[in-house]
Number of protein chains: 2
Amino acid sequence: MAKATLVSLAESLGVSRQTISNVINAPHRVKPETRLRVQSAIEQSGYRPSAAGRQLRTRRSMNLGIRMMPVVDGINGSILDRFLHALTEAAQQDGYRLTLFCADSDADEIGQYEELLNVADLDGFVLTGTHYGDDRTAWLLDNDVPFAAFGRPWSSIEDPFTSRHAWVDVDGGAGTEQATRLLIEQGHTSIGFLGWPVGSGAGDDRRAGWRRAMHHARLATKGLDIQADDGVAAGALGAERLVEAGATAVVCASDSLALGAAAKLRQLLPEQKTPVVIGFDDTPVAAAVGLSSVAQPIEDAARHIIAVLTHHLSGGRDGGDKPRKHLLLEPTLTQRTPYSFSSI
Amino acid sequence: MAKATLVSLAESLGVSRQTISNVINAPHRVKPETRLRVQSAIEQSGYRPSAAGRQLRTRRSMNLGIRMMPVVDGINGSILDRFLHALTEAAQQDGYRLTLFCADSDADEIGQYEELLNVADLDGFVLTGTHYGDDRTAWLLDNDVPFAAFGRPWSSIEDPFTSRHAWVDVDGGAGTEQATRLLIEQGHTSIGFLGWPVGSGAGDDRRAGWRRAMHHARLATKGLDIQADDGVAAGALGAERLVEAGATAVVCASDSLALGAAAKLRQLLPEQKTPVVIGFDDTPVAAAVGLSSVAQPIEDAARHIIAVLTHHLSGGRDGGDKPRKHLLLEPTLTQRTPYSFSSI
DNA sequence: ACATCATATTTGAACGTTCATATTATTGTA
DNA sequence: TACAATAATATGAACGTTCAAATATGATGT
């Protein structure tokens with residue numbers, strides 16, 4: 001039999017298109033009796049409203065866009081996998097779908113927004129990798145495009161909690177602070193920080209957490225703050241300099257750096273038994289080699305992003321509580337004992 | 001100014017809707033003169049045909065679906081990231097978009113197919129993780145849904161190259177064979193294989209490659225074939241048994257297994273200098289610890305999957321050469337010297 | 001019994017595109 | 001020049017939905 005449509009269903013039921021449409025979109029307008037009759041007919045016929053018809057009329061597609069960032073390290077790819085999965089699942093639960101797109105640059109990404117809004121009527125976007133002077137958020141705000149960002153708006157002047165747009169982020173600083181405190185409790189007094197060059201929001205935030213913990217414990221930080229590009233080799237190099245400066249433990253801005261640092265410390269300070277390097281992101285690499293690492297609640301972040309976005313898109317009429325527009329999640333420290341480096 | 005549509009453009013140009021539609025979809029039908037005139041008007045106005053209007057009429061959405069598999073290991077997540085990125089990029093180039101969806105099981109996935117075909121008019125699907133007795137391919141074939149699989153159809157009776165559906169796969173057996181040969185060349189005569197329990201297509205294929213190389217070199221395999229569930233710990237355990245059986249080198253079905261095996265071999269056979277463990281997938285974990293690994297050309301695979309799918313969807317009228325319906329790609333062996341395990 | 005009002009349902013139109021067909025312009029041929 | 005054949009363009013209808021407005025139904029009060 002042919003696919004059911006509003007018209008075909010209406011005819012077979014002896015009601016009008018609009019009544020069925022109302023049963024689906026505004027049930028309260030329909031008399032309970034007919035509503036039930038229609039609902040069972042819908043179920044029985046397997047009728048599902050056509051996205052195209054809807055979209056044409058309402059100019060909404062129930063599709064959310066997200067950019068696939070160019071694969072750089074690969075080490076964080078697993079995080080993306082988890083993030084995407086959680087986003088997709090949450091979106092699906094709310095009746096939305098996720099559409100992927102590629103862009104070479106932020107400018108290109110904005111071009112894609114225009115294109116996707118224009119041709120595909122995307123309802124909103126999920127942003128990742130926010131940074132200082134992000135053009136994208138400005139453009140989206142200017143054009144009244146709904147979106148939520150994973151990553152707070154980095155700005156030296158504005159308070160992110162007063163931002164005009166929704167965001168969810170993980171408090172990286174709290175993570176490194178916690179990590180540093182753990183090392184202090186373990187008796188370390190000279191703890192280095194191995195992070196990215198100053199200028200990246202997330203990187204500086206993580207550095208600040210380490211610095212807070214050190215200051216709080218009245219420990220010196222001089223010479224213990226190393227800036228290095230991400231990567232295992234750079235991590236080893238940085239660790240070498242830290243050991244020269246007297247460090248006995250290292251907190252890192254990434255698992256890549258931490259992996260290099262761990263190997264180097266193992267070599268330079270073989271007498272130490274406890275884990276003295278703590279990474280960030282709790283990637284499979286960290287799990288594989290038994291490296292302690294700051295774990296981001298990335299699934300929670302994804303769910304909240306979808307919640308805040310869909311809540312906004314439904315105009316707040318989705319029944320659920322209004323999700324917070326700005327949310328800073330606490331990371332947790334995954335503690336491990338070195339694995340591959342010691343005996344198994 | 002309001003968004004351009006076929007009608008608004010037609011009016012301002014003094015031609016009919018259909019002429020503009022033809023310029024876009026069947027340029028040869030339009031007189032070169034008008035064609036140019038219309039084309040420049042399209043560019044100047046920034047007109048882009050509405051997906052919804054098109055979809056409603058043609059019942060095609062220019063959207064391809066792909067399932068987000070549940071995150072299991074995480075170690076392979078980076079592979080998925082690369083795969084998704086390449087898929088998205090290739091699809092975008094051909095004018096298609098990628099839609100993500102989640103499913104708990106194969107049966108659920110089939111349910112999603114129905115839903116997505118029905119409501120969103122998805123044009124086709126990309127399948128991953130094919131296995132013995134895969135219901136999904138059967139369903140898609142039965143329902144004439146275009147799709148291409150990453151992973152050959154595993155069957156003990158049928159030749160995959162006569163399969164009714166398109167697929168792209170990486171010749172894992174060739175990879176492990178190559179890896180084993182390398183170890184033989186290096187003088188090893190007792191090389192173990194550390195793989196998954198018999199029954200998974202890809203796993204058995206990789207095991208077969210090792211076996212081929214061993215037989216070809218007339219080396220014994222008795223006791224050197226270990227079946228273990230995926231994971232670092234299982235890898236270490238398996239390696240222990242292999243060393244007991246006299247193995248001096250190990251070829252693995254995954255980087256997780258390899259990582260465990262490498263650590264164990266380092267411990268049990270510390271005198272060896274050269275890399276004696278070879279992993280599979282060339283994940284960031286392998287790169288991070290300097291583990292040799294069989295690398296899948298996953299971007300090539302993704303591009304070909306899109307090529308074969310879009311070629312089919314366009315009915316072969318897309319100009320390009322007909323891509324092969326069944327394609328087995330050769331992996332390459334990424335050789336590394338142990339990194340974290342030795343000195344840096 | 002009748003007007004009033006709220007509730008429930010229906011109708012016509014519109015969203016932007018392409019298909020199938022109809023019309024008009026152009027070319028070739030006798 | 002006329003006539004057919006073909007190329008180029010135009011028209012009406014349809015895809016399936018929701019919006020806005022119109023109509024029908026029922027309840028309430030006088």
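In the text below, chain A, chain B and the rest are named by the order of the sequence lines, each starting its count at 1.
- With hydrogens and angles ignored, the 3.5 Å screen pairs a side-chain donor or acceptor of A:R152 with a backbone N or O of A:V170.
- In the set D:dG16, D:dT17, C:dT18, the nucleotide with an atom closest to the side chain of B:R59 is D:dG16.
- Among residue pairs with one or both ends in residues 304-326 of chain B, those qualifying as ring-ring contact (aromatic ring centres under 6.0 Å, His included) are B:W167-B:H326; sequence neighbours excluded.
- Summarising the geometry, the separation between CG on B:L9 and P on D:dT9 is reported as 16 Å, rounded to the nearest angstrom.
- In this structure, CD of B:E11 is placed 11 Å from P of D:dT11, rounded to the nearest angstrom.
- Remark: A:D135 engages A:I110 in a side-chain contact (heavy atoms from CB on, under 4.5 Å) (not counting sequence neighbours).
- Take A:I298 and apply the side-chain contact (heavy atoms from CB on, under 4.5 Å) test, not counting sequence neighbours, and it matches A:I79, A:R82, A:F83, A:F150.
- As a whole-Å value, the separation of B:N118 CG from D:dT17 C1' is 14 Å.
- The distance from atom CD1 of B:I24 to atom P of C:dG16 is 14 Å, rounded to the nearest whole Å.
- Regarding A:L6, its CG atom lies at a distance of 16 Å from the C1' atom of D:dA14, rounded to whole Å.
- For C:dA14, neither phosphate oxygen OP1 nor OP2 lies less than 4.0 angstrom from any side-chain nitrogen or oxygen of A:R57.
- Side chain to side chain, B:N25 and B:R54 meet the donor-acceptor criterion of an N or O pair below 3.5 Å.
- Of the options B:Q55, B:R59, B:R60, a side-chain hydrogen bond (donor to acceptor under 3.5 Å, both in side chains) to B:D121 is made by B:Q55 and by none of the others.
- Across the protein-nucleic acid pair, B:I20 atom CD1 and D:dT9 atom P stand 12 Å apart, rounded to whole Å.
- Side-chain contact between A:V38 and A:L13: present, with at least one pair of heavy atoms (C-beta onward) separated by less than 4.5 Å.
- Rounded to a whole Å, the CZ atom of B:R60 is 16 Å from the P atom of C:dT17.
- Rounded to 10 degrees, the angle separating the terminal axes of the helix from C:dA1-D:dT30 to C:dA30-D:dT1 is 50°, with each axis obtained from five end pairs.
- An OP1 or OP2 oxygen of D:dT18 is reached within less than 4.0 angstrom by a side-chain nitrogen or oxygen of A:S21.
- The aromatic rings of A:F125 and A:Y113 sit tilted relative to each other, their planes meeting at an angle between 30° and 60°.
- Judged as a side chain to side chain donor-acceptor pair (under 3.5 Å), and not counting sequence neighbours, B:S61 has no contacts.
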Protein proximity profile, nucleotides 4-10 of chain C - base contact B, sugar-phosphate-only contact S, no contact -, cut-off 4.0 Å on heavy atoms: ----SSB
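- Remark: P of C:dT17 and CG of B:D121 are 17 Å apart, rounded to the nearest angstrom.
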